[in-house]
Structure formats: C-alpha cells, structure tokens
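Side chains included, hydrogens not; waters and symmetry mates left out as well; all remaining heavy atoms used. Bear in mind that the values here come from a model prediction, so they are computed numbers and not experimental data.
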Amino acid sequence: MASVGFLYPGHSAEDDYPRLEEILGGAVRLPLVHTDIGEDAHRVDALLEMGSAARLAAGVAELKERGAQAVVWACTSASFVFGWEGAHDQVRELSATAGLPASSTSFAFAHAVRALGAHRVAIAATYPEDVAEHFRSFLKSAGAEVVATRGSGIITAAEVGTWGIEEVLALARAGDHPDAEAVLLPDTALHTAAHLPALEAALGKPVLTANQVTAWEGLRLLDRTISCPRLGALFSRTARVAGRAAPAGTARRE
C-alpha cells in the first residue's frame, strides 16, 4: 500500500492525519512522526530553529521504518519563513537525508493553488501579522496574487490546536475577500480535516487548509490521485499528475 510519511512539529492537530487516512478510505497510509519544536512560538527566530535540518533529520529513520515512500515536512510557518530559496534548500536536504521524494506544507499550498487553477487568493492565518506576511511573500514567489492577508496574532501552536469549528469558520470568513478565488488557512496546528465541506459551503469557494494540502502533496509525490469530495475542491477537481515532472520547489529522487 502507498505510504506517505509526515514530520509533524510538536502536538497540536496531529489527529487530523489518522482522520484524513480514514476519510480517504484507507487507500493510503499516513504515518506521522513528531519533531522536537524547541520553543512553541510563531516568531521568526523560533520558526527558523524549528525547521532546522537537524530537527527534521531526527525523525526520518522512524518514518522509513514505518514504510514511508515519500516524506513531507508538515509545517507551513517553519518552511516559508526560510524564504523561497531557503525552503527549496530545506526540502532538498530532507530528500537527501531520507533518500525519498520530499516536500513541505508551504510548497503543498503553492502546488495546490496551481492545481485548482486559482490566480488570486486570500490568506486567513492564525499567525501574527509579520509571520503571515512571510507567507504572502512566499506565495508571490510561487506566482500567486494575494489579494488579502489576515493575521490573528496567535503565538503558540498549542492555542491554535484548541480551536473548534466555530473558530475555524470565523477565521476563514474574516480572511476571505471578494476577489479571492480560494482562501488559504496555513497552519498545521489547526484542526480542519473534518471541516472542509462546512468551510467551502460557508465561503462558496475552494478552501485550502494546511493538513489537507499536506496530505495531498504527499500523494502528489507518489503520483497518486484519490477523488474524495469530503476533503474539498482540491480532492474533487484536480487532474491526475502521474508521470509529470515535479513542479519547482519539490525535491524528488527517482
């Protein structure tokens, strides 16, 4: 069976991954290993340390023992904070360490936006405004036009992990913009796997969330497509990518 491994920072919304595996009908295994985050803070210096090569490398062996055929760094902020080139370096080093195709949640968002054919997007972030601005810059480098960026000022992933459906819906609505063709919720600490139909119904447009796109990116690395409307437009509309070269930003080993 296909198996995508995830390196997940700390403990917040990691239960989204077994939920995603269940929603996908057991068609793919999604093993997860926790990385040591150091300080739990949505602050640039802390995020750079959280996403350091040594912290990511520490979890690779366990993922390979569990049968992972590709690995994704399941963190948005501690990948985009390195910038476009630095995020490339991060996944290239992760791929070299693992000997497997590798990517990160930041590139997952970039690839998912392209897959949906969206050109204008809005960001509804849990982060402080300065961190959310780094994500805006990353998406701009990926070719997306960001028409609105909203930060919520939440410092810790632990707090984000306590949010339920009402808080998630409020975040998405607050970050939406009339010109946005999709709304992005970029925090893997946020529980969203069970809320995608409600989010898209409320906004009337595709919604991309961190854990959703991270799982999709893992499938993309394996050239697998699974249709699953319960996981939103991304899993309903996208075309098969098997046999195509990896878009820029993803490290792959053939």
Side-chain angles (χ1 to χ4, degrees), residues 6 8-10 12-14 16 20 37 41-44 46-47 50-51 72-84 86-87 90-91 103-116 118 120-157 159-161 163 167-177 180-193 195-196 199-200 203 205-217 231-234 249:
F6 302 94
Y8 186 91
S12 298
E14 67 270 22
D16 260 6
L20 285 162
I37 65 172
H42 288 141
R43 200 179 64 241
V44 172
L47 293 169
M50 187 185 302
V72 184
W73 169 223
C75 185
T76 328
S77 56
S79 49
F80 69 65
V81 77
F82 286 84
W84 183 250
Q90 184 185 56
V91 297
S103 190
S104 69
T105 304
S106 291
F107 287 119
F109 272 109
H111 297 153
V113 168
R114 292 178 196 165
L116 286 177
R120 297 179 301 278
V121 302
I123 296 170
T126 56
Y127 319 129
E129 292 283 356
D130 65 320
V131 175
E133 179 61 22
H134 281 275
F135 188 45
R136 187 201 67 78
S137 297
F138 183 90
L139 291 172
K140 182 179 179 181
S141 296
E145 179 184 351
V146 180
V147 297
T149 304
R150 180 183 178 87
S152 300
I154 306 300
I155 296 298
T156 68
E159 180 177 350
V160 174
W163 284 18
E167 291 90 347
V168 175
L169 282 168
L171 172 67
R173 289 189 178 107
D176 192 13
H177 186 279
E181 297 168 309
V183 177
L184 282 52
L185 278 62
D187 194 341
T188 58
L190 192 66
H191 288 93
T192 59
H195 306 326
L196 285 154
L199 285 165
E200 294 193 337
L203 272 61
K205 65 184 66 174
V207 175
L208 298 176
T209 71
N211 292 324
Q212 169 213 33
V213 301
T214 301
W216 176 86
E217 179 75 348
L231 293 179
L234 179 63

Under a 4.5 Å cut-off applied to non-hydrogen side-chain atoms, are [X] and [Y] in contact?
X: L190; Y: L171; answer: yes
X: F80; Y: L47; answer: no
X: Y8; Y: N211; answer: yes
X: V113; Y: L184; answer: yes
X: P206; Y: E181; answer: no
X: S137; Y: W84; answer: no
X: Q212; Y: W216; answer: no
X: D187; Y: H42; answer: yes

Of all heavy-atom pairs between [X] and [Y], which one has the smallest distance, and what is that distance?
X: G151; Y: E129; value: N-OE2, 3.3 Å
X: Q90; Y: S104; value: OE1-CB, 4.4 Å
X: V168; Y: H195; value: CG2-CD2, 4.3 Å
X: T126; Y: S152; value: O-CB, 3.5 Å
X: W73; Y: A78; value: NE1-O, 3.2 Å
X: A13; Y: H191; value: CA-NE2, 3.4 Å

Under the side chain to side chain contact (heavy atoms under 4.5 Å, CB included) rule, collect the residues that match up with [X], sequence neighbours excluded.
X: T149; value: I123, A132, R136, V146
X: T105; value: A74, T76, F109, T188, A210, V213, T214
X: E167; value: W163

Distance col, row K205:NZ vs H177:NE2, nearest 0.5 angstrom, shows 9.0 Å

Interatomic distance, CG@L169 vs CG@L199, rounded to 0.5 Å, equals 5.0 Å

Please answer whether the main-chain N or O of A233 pairs with a side-chain N or O of E200 as donor and acceptor at a distance below 3.5 Å.
yes

The residue among L196, L231, V183 that forms side chain to side chain contact (heavy atoms under 4.5 Å, CB included) with T209 is L196

With a cut-off of 6.0 Å (strictly less than), are more than 12 heavy atoms of other residues, nucleotides or ligands near CZ of R43?
-> yes

